[in-house]
Amino acid sequence: MAAIEPVQFAASILSADFCRLGEQVEEALKAGIRLIHVDVMDGLFVPNLSMGPNIVKALQPLKNKYGAQIHAHLMIIDPDRYITNFVQAGADGIIVHIEACPHLLQTIRNIRSLGARTGVALNPATPLIMLEEILAEVDFTLIMSVEPGFGGQEFIQTSLDKIARLHKLLFHHHLEHVKIAVDGGIHLPIAASIVKAGAHTLVVGSEIFNSRASVSKNFQALCTEFINSR
Ligand code: DX5
Ligand code: ZN
């Protein structure tokens, strides 16, 4: 088990009420969230369609008001086609999938040349070894703990071991500055175990945006659960 470091929560707006998107994002920002996660889906890489750069652009005033950041998680084939669009729309970080990038090093360098933070995501079935050659080039990795495409799925338990192994791999390569983000199925009971396994950032959708309680109450519950488990 890795030592527990301060955790960062990213709010995945896929589960937000799109009729009240600005209001809900502002509630999350007011509650203390400083990273907004925008899931971009093309109906090909994943069996769902979602948002484009226009959403990132629309959120800029809120992002600037609260000093937050936006990361675009590109679940699309050939993501190089759209990286510039997302950075120009105001994305501070771009996450591409290793499974969608035949020339990953070039893609990563393209993102960096545009001034954005670089993240590489791995699907649940993709082995960590696929990352090894490019780890030194990225700012963070994103371990998918569900099959990408939909919010509200169940956390895949074997992801905990994968996160712990990635943590060791980074240590082994003296790359502790490369952060580990985890995305999918993160709910109250499992959140602390994910951080204990070595994650720095938890991407949370349906646990924050749901009809059970307000965004701020849900986020507060997440923080409380996390603090109590330490
Ligand atoms: C899944 C997305 C996730 C998802 C997280 O493809 O990448 O960001 O929206 O939502 P929850 O927390 O509901 O699994
Ligand atoms: Zn995501």
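Just follow the structure's listing: the first ligand is 1, and inside any ligand the first atom is 1.
- Counting only distance, with no hydrogens or angles, the side chain of T141 and the backbone of V120 share no donor-acceptor pair below 3.5 Å.
- With a heavy-atom cut-off of 4.0 Å, M144 touches ligand 1 through its side chain alone.
- Taking every heavy atom of H37 and a limit of under 4.0 angstrom, the matching atoms of ligand 1 come to 8 (O).
- For ligand 1, the atoms lying closer than 4.0 Å to a non-hydrogen atom of L14 are 9 (O).
- Between the side chain of D92 and the backbone N or O of I70, at least one donor-acceptor pair lies under 3.5 Å.
- Listed by number with element, the atoms of ligand 1 under 4.0 angstrom from any heavy atom of G152 are 11 (P), 13 (O), 14 (O).
- Taking the six-membered ring for Trp, F140 and H200 have ring centres at least 6.0 Å apart.
- Residue-to-ligand polar distances place D39 within reach of ligand 1: an N/O pair is separated by less than 3.5 Å.
- Proximity of M75 to ligand 1 is established by a heavy-atom distance of less than 4.0 Å.
- Of the possible donor and acceptor atoms, one in the side chain of S145 sits under 3.5 Å from a partner among the backbone N and O of G184.
- Close contacts between ligand 1 and H73 involve ligand atoms 7 (O) [criterion: under 4.0 Å to a heavy atom].
- Closest approach between the Zn ion (ligand 2) and any N/O/S atom of D39 involves OD1.
- Of the protein's non-hydrogen atoms, G205 N, 2.8 Å is the one closest to atom 12 (O) of ligand 1.
- Take the Zn ion (ligand 2) as the corner point: the lines to ND1 of H73 and to NE2 of H37 open at 100°, to the nearest 10 degrees.
- Taking the Zn ion (ligand 2) as reference, the nearest N/O/S atom within D183 carries the name OD2.
- Scanning all protein heavy atoms for the shortest distance to atom 1 (C) of ligand 1 gives F150 O, 3.6 Å.
- No more than 12 heavy atoms of other residues, nucleotides or ligands sit less than 6.0 Å from atom NE2 of H103.
- With hydrogens and angles ignored, the 3.5 Å screen pairs no side-chain donor or acceptor of R117 with any backbone N or O of I94.
- Regarding atom 14 (O) of ligand 1, its nearest protein heavy-atom neighbour is G185 N, 2.8 Å.
- Taking every heavy atom of M41 and a limit of under 4.0 angstrom, the matching atoms of ligand 1 come to 6 (O).
- At a threshold of 4.5 Å between non-hydrogen side-chain atoms, the residues I13 and F209 count as touching.
- Near P148, the atoms of ligand 1 lying under 4.0 angstrom from a non-hydrogen atom of the residue are 6 (O).
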side-chain hydrogen bond (donor to acceptor under 3.5 Å, both in side chains) evaluation trace for Q60 with K63
CA-CA 5 Å; Q60 289 306 298; K63 181 190 100 169; 3.1 Å; yes
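- Annotation: atom 5 (C) of ligand 1 to nearest protein heavy atom, D183 OD1, 3.6 Å.
- The single protein non-hydrogen atom nearest to atom 13 (O) of ligand 1 is S206 OG, 2.6 Å, given as residue, atom name and distance.
- Residues E207 and L188 approach most closely at OE1-N, 3.2 Å, considering heavy atoms.
- Annotation for ligand 1: atoms under 4.0 Å from non-hydrogen atoms of G184 are 14 (O).
- For F18, the CZ atom counts as densely surrounded, since its 6.0 Å shell holds more than 12 non-hydrogen atoms of other residues, nucleotides or ligands.
- Atom CG of L14 sits about 5.0 Å away from atom CE of M51, to the nearest 0.5 Å.
- Protein heavy atom closest to atom 6 (O) of ligand 1, with residue, atom name and distance, is G149 N, 2.7 Å.
- When all heavy atoms of N123 and P148 are compared, the pair lying nearest together is OD1-CG, 3.0 Å.
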